[in-house]
Structure formats: C-alpha cells, structure tokens
Amino acid sequence: MYIKGVGMTKFGISDKYSWQLAYQATVDALKDADMKFNDIDAVVCTSLEWFFSIEKQRHFASMLSSMFQTNKPIVRVPAACAGGGTALWTANQLDYDNVLVVGVEKLMTCKSESITDEFMMAMESRWEQNEGINAPSSAALVADEYLRKFPDTTTDDFDLIAYKSHENGYLNPHAKFYGKKVSIEQIKNSKIVASPLRLMHCSVSVDGAAATILTKDKSDINIIGSDMCTDRMSPFEREDPLVWEATSISSKGALKQAGLGPSDIDFVEIHDAFSIVELISYEDLGFAKKGEGAKLVRDGTVNLDGKMPINSSGGLKAKGHPPSATGLSQIYEIVKQLRGEAGDRQISQANIGLAHNIGGVGGQVACNILKKTRG
Ligand code: COA
C-alpha cells in the first residue's frame with residue numbers, strides 16, 4: 001500500500017488524556033492526506049493502555065468509535081514497544097482501500113518506578129522478573145557481554161551514539177529534547193542506571209501519539225517492504241544474546257520484498273531503547289559485521305550528513321519513547337524526510353528509508369521500508 005498522510009503530537013509530558021492525543025495525531029494525519037474520517041474504511045489502533053489506572057479507560061478501539069462517531073471496524077494491536085510498527089504491518093495486510101493506523105501512550109503521570117514495572121511486563125516472568133531484572137538491567141547485561149566479547153568497543157562508543165541522537169533531536173520540533181543541547185561530557189558524567197549503562201545511554205519515556213493513513217491509491221510514498229517476527233522473550237534464552245534474530249529476520253524479509261540489500265537503504269530510524277540496542281541493531285540489520293558496529297558511529301556514517309543517517313528524528317533517546325506510538329513516529333520521520341519536509345534535519349539523499357521497531361528486549365520486531373515514488 002501507499003502512505004497518504006502522517007501526523008504526530010509533540011513528544012514529552014502532556015496534560016491531555018490519551019484519547020485526546022490520539023485524536024490530535026489522527027486529525028493531523030487526515031489533514032496531511034486531505035481526507036475526512038468518513039473516507040477511512042478501517043482502523044488499526046495500538047496502545048498498551050497503561051493509562052488505565054489514571055484514566056480508567058481500557059477500550060481504545062471503542063473510544064475511537066465515540067470520538068469519530070463511527071461504526072467502522074477498529075482493531076487494537078498491542079505489541080509491547082513494537083505496537084506502532086506491528087500495527088502498520090497489520091494494516092498493510094488488510095483488504096481495505098484506506099486504513100488509519102494510530103498509536104498512543106500516556107505514561108508520564110506515573111513515577112519512573114511504575115513505568116519500569118510496566119516495561120518489565122514485556123520480560124520473562126519466570127526468571128528476569130523474579131530476579132528483578134528490568135529493561136535497563138537486561139540491556140546492561142547484553143552490553144557487558146558485548147564489551148567482553150568485542151573489547152575494541154568501549155562505552156565511549158555508547159556516548160557517541162547518544163550524542164549523535166541528541167544532536168538530531170535538538171533540530172526536531174516534535175522531540176522531547178528539541179532545542180536542548182547535550183554535550184559529550186554530560187553524557188559521560190550522567191549517573192549510572194545499570195552498569196555499564198548511564199542515564200544518557202537510555203531512552204526517555206514520554207507521552208505521545210502518532211498516526212499514519214494507508215491507501216491503495218498511488219501516492220508519493222510506497223511501502224515496498226514490510227515484515228514482522230517474534231523471538232524468545234529473554235536475550236539469554238536465545239542462541240546468542242548479541243544477535244537479535246527478530247531484527248535480522250524481519251529486516252531480511254522486508255528487504256527481500258523490496259528487492260533490495262542493506263546498502264540500498266539511504267537512512268534508518270532504529271529502535272534505540274538503549275545505546276547498546278542501537279549498536280547491535282546496526283549489525284543485525286546488515287549494515288556492519290558483528291562486533292564492528294562502532295565503526296559506523298566513529299567514522300560519522302550514521303550522522304545526519306553521513307552516508308547512512310540513523311535516527312534523524314533524535315530516536316527514542318532524544319525524541320522520546322511513548323511505546324505504542326514510537327513505531328508510527330518513525331514512519332512520520334521517514335515520510336517527512338522522503339518528502340523533503342524535515343527542515344533543519346533534512347537528509348540530502350532521502351529516497352528509501354527503513355523503520356525498525358522492537359518490542360521487549362528483542363521479543364518482537366517490525367521492519368517497514370518506504371520509498372519515494374515521484375519526485
Ligand atoms: N535521557 C536524558 N534525560 C533523562 C532520561 C534519559 N533517558 N530519563 C530522564 N531524564 C531526565 C528527565 O527529563 C528529568 O529532567 P528534568 O528534571 O529536567 O525534567 C530528569 O532526567 C529526571 O527524570 P526522572 O524520570 O526522575 O529520571 P529517573 O532517574 O527516574 O529515570 C531512567 C531515568 C533512565 C531510569 C528512565 O528514563 C528509564 O528507565 N529509561 C528507560 C526506559 C525503558 O526501559 N524503556 C524500555 C525500552 S524497551
């Protein structure tokens with residue numbers, strides 16, 4: 001299918017209800033597509049509904065029906081932090097002319113401790129949860145193992161990854177850290193969250209919503225590859241915790257549909273939940289050999305003016321991470337880049353972009369490849 005419109009809210013702390021955020025992103029996308037809600041045939045929505053305890057609302061699909069006064073089919077596809085990418089993949093399988101995909105998360109009314117607990121629900125209940133291993137500490141174990149196995153890589157490389165994301169987020173009006181400069185010293189001196197990962201090596205949780213409108217009519221942005229797959233919940237249940245197969249399998253699947261190889265991709269939005277996750281994703285997506293991902297950030301390949309810019313939006317690190325909206329905000333960024341509408345962070349060679357969205361610690365991954373069709 002093609003993409004006709006995109007919309008998103010500013011990511012950060014919002015005093016709006018979650019459904020108001022979803023409404024705003026949807027209206028933005030409809031306006032962008034020059035469509036009315038009545039033109040939509042079906043909706044795929046995604047949310048983990050963490051706002052339940054505050055808003056006492058756990059039927060997002062029906063809320064959308066009330067807001068838009070519709071009886072059209074609306075299905076909710078929650079998939080941990082991969083909700084957005086998975087909802088897009090789902091919508092792309094449907095036999096409707098026009099499908100709205102909308103994702104929202106509202107978590108900043110909760111304290112970090114509760115947010116951490118919620119993220120832990122996407123982790124192994126028998127081992128990880130029992131041992132108190134949360135998302136940052138699970139990523140830290142992977143980082144430890146990576147640094148042990150590939151001693152040429154150091155935490156300085158994690159710093160460079162985070163620095164690059166903040167440089168990009170500084171330029172993105174929708175990003176939590178828009179207009180806020182972060183120095184490499186601030187990153188190096190930030191507090192340890194789970195050794196070796198510091199605060200600045202972690203994504204930042206935010207409130208936010210994003211929406212995309214898919215259409216069968218030819219439009220300027222084509223989805224040329226879309227794949228999704230799952231894996232064992234814990235990286236330590238897998239053959240090699242440093243290879244996240246859900247990323248390699250889904251990216252290979254999407255590339256195969258598109259008839260492309262990794263080097264044909266111009267730019268990427270990677271699910272950088274933690275700097276180590278961005279690093280191993282360079283490798284699992286086929287952009288570097290295992291153990292050599294750091295080269296891409298050291299030589300500037302992944303910078304905004306590099307050969308393959310990564311996370312021009314600022315990524316989960318600097319734009320922010322409202323779990324179910326994240327994957328669709330990646331689509332928003334890619335569409336803006338392909339159309340040449342990304343303002344100060346515009347990439348010069350933007351013809352084909354890949355969105356990589358992870359749920360849990362690699363337990364589910366959706367990869368979607370978009371191409372500009374006319375220009
Ligand atoms: N990067 C940069 N700044 C951050 C940040 C991050 N990752 N996390 C929080 N901050 C900032 C906040 O904006 C806030 O700044 P302010 O005082 O100027 O508003 C300040 O640090 C304190 O925020 P707070 O939420 O109290 O921090 P915290 O110490 O409770 O939480 C983390 C920090 C890193 C533990 C938390 O952000 C976290 O758990 N991140 C990872 C989320 C996660 O697991 N995602 C799952 C991915 S699968």
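Here the structure is a predicted model, which is why all the values come from computation and not from measurement. Ligands are counted one by one from 1 in listed order, and the atoms in each one are counted from 1 as well.
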So that I can tick it off, tell me whether K216 and D95 are bridged by a salt bridge, with the cut-off set at under 4.0 angstrom between side-chain N and carboxylate O. yes
Do NZ/NE/NH1/NH2 and the carboxylate oxygens of E333 and R345 come within less than 4.0 Å? yes
So that I know where these two stand, are F274 and F158 an aromatic pair - ring centroids less than 6.0 Å apart? no
Please list, chain by chain and in numerical order, all residues satisfying ring pair (Phe, Tyr, Trp, His ring centres under 6.0 Å) with Y17, sequence neighbours excluded. W19
List the steps and the verdict of side chain to side chain donor-acceptor pair (under 3.5 Å) for S18 and E105. CA-CA 7 Å; S18 53; E105 222 69 69; over 6 Å; no
Interatomic distance, OG1@T212 vs CE@M8, rounded to 0.5 Å, equals 10.5 Å
Contact residues of ligand 1, where a non-hydrogen atom lies under 4.0 Å away: S112, F119, A135, P136, K176, F177, K191, V193, L199, M200, C202, S203, V204, S205, A273, F274, K317
